[in-house]
Amino acid sequence: MKRNIVIAAVTAAVLVGGGTATALATTGDDAPSTAPHTDDDGARVTSVKVSAGDAVASALREAPGTALSAELDDDGDDGERAAWEVDVLAGDGTWHSVRIDPSSGKVLGSQTESEDDTDDTAEARAALKGTSVDAAGAAKAAAGHGTVTSVELDDDGDHGGGAAWEVDTRTSGKAEQDWRVDGKTGKVTADRPDDSGSDDSDGSDSGSDDSGPDDD
């Protein structure tokens with residue numbers, strides 16, 4: 001049970017010719033709050049004014065090349081502002097990481113990284129050869145499912161089926177959803193992990209193995 005606690009402080013001062021007394025009363029901190037409860041993560045995401053596609057465009061003006069990923073960094077636990085982090089691969093193999101203000105679209109900072117991992121660069125370029133949809137286009141295609149919080153080129157080919165973009169969306173009050181955007185057609189499909197399918201297939205294989213001894 002919640003109870004209001006009233007603390008009274010009385011200070012008496014004796015003055016020449018008479019005395020006065022002052023009383024102060026305050027309510028306790030456990031009084032019911034009238035402030036509405038909100039989902040901090042959801043509110044922070046849905047309040048973003050600059051879309052993923054616009055963030056990519058701003059980053060490419062700062063560092064020309066091909067955007068391979070854009071992610072909304074909204075972990076401002078200490079009051080830090082949220083920011084889009086866009087990774088750009090330049091034509092000479094240089095990687096750029098550009099931070100974009102999600103409220104204004106202005107560049108907050110940019111870092112350049114040398115080509116110290118040639119394998120990553122080669123994989124990214126190989127994946128891009130089969131795409132006609134860029135990062136901004138993939139984000140726009142998935143925007144109908146909620147606020148896009150990240151878009152990234154699938155250069156590992158984990159799901160098969162050709163080049164594609166992996167996109168995450170968030171809707172206020174709902175969990176984050178994963179989508180897969182075809183790199184050629186722009187078709188959006190739900191991105192489901194393929195490990196569960198492999199487990200099922202393994203189970204069916206084991207069942208067929210058990211049928212062998214029964215025949216004998």
Who are the side chain to side chain contact (heavy atoms under 4.5 Å, CB included) partners of Glu71, not counting sequence neighbours? Ser150

Can you name the residues that form a side chain to side chain donor-acceptor pair (under 3.5 Å) with Glu176, not counting sequence neighbours? Thr149

When rounded to the nearest 0.5 angstrom, what distance separates OG1 in Thr169 from CG in Asp178? 8.0 Å

Checking Thr147 side chain against Ala143 main chain: does a donor-acceptor pair fall under 3.5 Å? no

With a 4.5 Å cut-off on side-chain heavy atoms, are Thr121 and Leu89 touching? yes

Euclidean distance, Lys140 NZ relative to Asp54 CG, rounded to 0.5 Å: 10.0 Å

What one should report as the nearest heavy-atom pair of Ala82 and Pro102 is O-CD, 3.0 Å

So Leu60 and Val88, side chain to side chain contact (heavy atoms under 4.5 Å, CB included) or not? Walk me through it. CA-CA 7 Å; Leu60 292 178; Val88 179; 3.9 Å; yes

Residues in side chain to side chain donor-acceptor pair (under 3.5 Å) with Glu152, at least two apart? none

Which atom names give the shortest non-hydrogen contact between Leu153 and Ala164, and what distance separates them? CD1-O, 3.6 Å

Residue pairs meeting ring pair (Phe, Tyr, Trp, His ring centres under 6.0 Å), one or both in residues 127-156, sequence neighbours left out, come to His145-Trp179

Not counting sequence neighbours, which residues clear side chain to side chain contact (heavy atoms under 4.5 Å, CB included) with Ser97? List them please. Asp87

Arg180 and side chain to side chain donor-acceptor pair (under 3.5 Å): which partner among Thr189, Asp154, Asp191? Asp154

Side chain Ser69, main chain Val151, donor-acceptor under 3.5 Å: no

Apply salt bridge (Lys or Arg N to Asp or Glu O under 4.0 Å) to Asp101 and list each qualifying residue two or more places apart in sequence or on a separate chain. Arg81

State, with a plain yes or no, whether a side-chain heavy atom of Val148 is found less than 4.5 Å away from one of Val167. yes

Single hit among Gln111, Glu85, Glu62 for side chain to side chain donor-acceptor pair (under 3.5 Å) with Arg99: Glu85

Taking all heavy atoms of Ala139 and all of Gly53, pick out the closest pair and write down the distance. CB-N, 4.3 Å

How far apart are the closest heavy atoms of Ala55 and Val86, and which atoms are they? O-CG2, 4.0 Å

Can you see which heavy atom on Ile100 is nearest to which on Ser58, and at what distance? CD1-CB, 3.9 Å

Return the CZ to CG distance between Arg125 and Asp120, rounded to the nearest 0.5 Å. 12.0 Å

Check whether any side-chain N or O of Trp84 sits under 3.5 Å from a backbone N or O of Val50 as a donor-acceptor pair, and report yes or no. yes

Taking every heavy atom of Ala135 against every heavy atom of Ala67, the minimum-distance pair comes out as CB-O, 3.7 Å

Could you go through the side chain to side chain contact (heavy atoms under 4.5 Å, CB included) check for Leu72 and Val48 one step at a time? CA-CA 9 Å; Leu72 180 62; Val48 170; 3.6 Å; yes

May I ask you to decide if Leu128's main-chain N or O and Thr131's side chain share a donor-acceptor pair within less than 3.5 Å? yes

Taking Trp165 for its side chain and Val133 for its backbone only, find out whether a donor-acceptor pair lies under 3.5 Å. yes

Distance-only, no hydrogens or angles: does the Thr171 side chain make a donor-acceptor pair with backbone N or O of Lys174 under 3.5 Å? no

When rounded to the nearest 0.5 angstrom, what is the spacing between NE2 in His96 and OG1 in Thr112? 5.0 Å

Should Val98 and Val107 count as side-chain neighbours, where that means a heavy-atom distance under 4.5 Å? yes

